[in-house]
Amino acid sequence: MSARVLILMFAAAMVGGCSEKAQVSHYEQGEYSGKADAQPWDSAVYGGDKQKWDRALRERAQGQNEYVRTN
């Protein structure tokens, strides 16, 4: 390759790296414009039953407890 081609490729790569647009969110005081948050137990798996969700969370945590798993 000639030096001219290498210089043009380098210049194109440098210009391409400078084309990022600003990522600024628009916020109005007192208003939330994001998606509505739902409780984790409001899914189809738990049917809105918070106790069932709590129980599943505790069981999953016990499955990760090394002391319980080795005994």
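Note that the coordinates shown come from a computational prediction; the quantities given were computed from them, not determined experimentally.
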**Item:** D54 vs R58, salt bridge (charged side-chain N to carboxylate O under 4.0 Å, His left out): CA-CA, chis, key distance, verdict
**Value:** CA-CA 6 Å; D54 281 333; R58 279 192 304 274; 5.1 Å; no
**Message:** Which heavy atom of P40 sits nearest to which heavy atom of S43, and what is that distance?
**Reply:** O-OG, 3.6 Å
**Request:** Of all the heavy-atom pairs spanning Y46 and W41, show the shortest one and how long it is.
**Result:** CB-O, 3.6 Å
**Message:** To the nearest 0.5 Å, what is the distance between CG on L57 and CD on Q62?
**Reply:** 11.0 Å
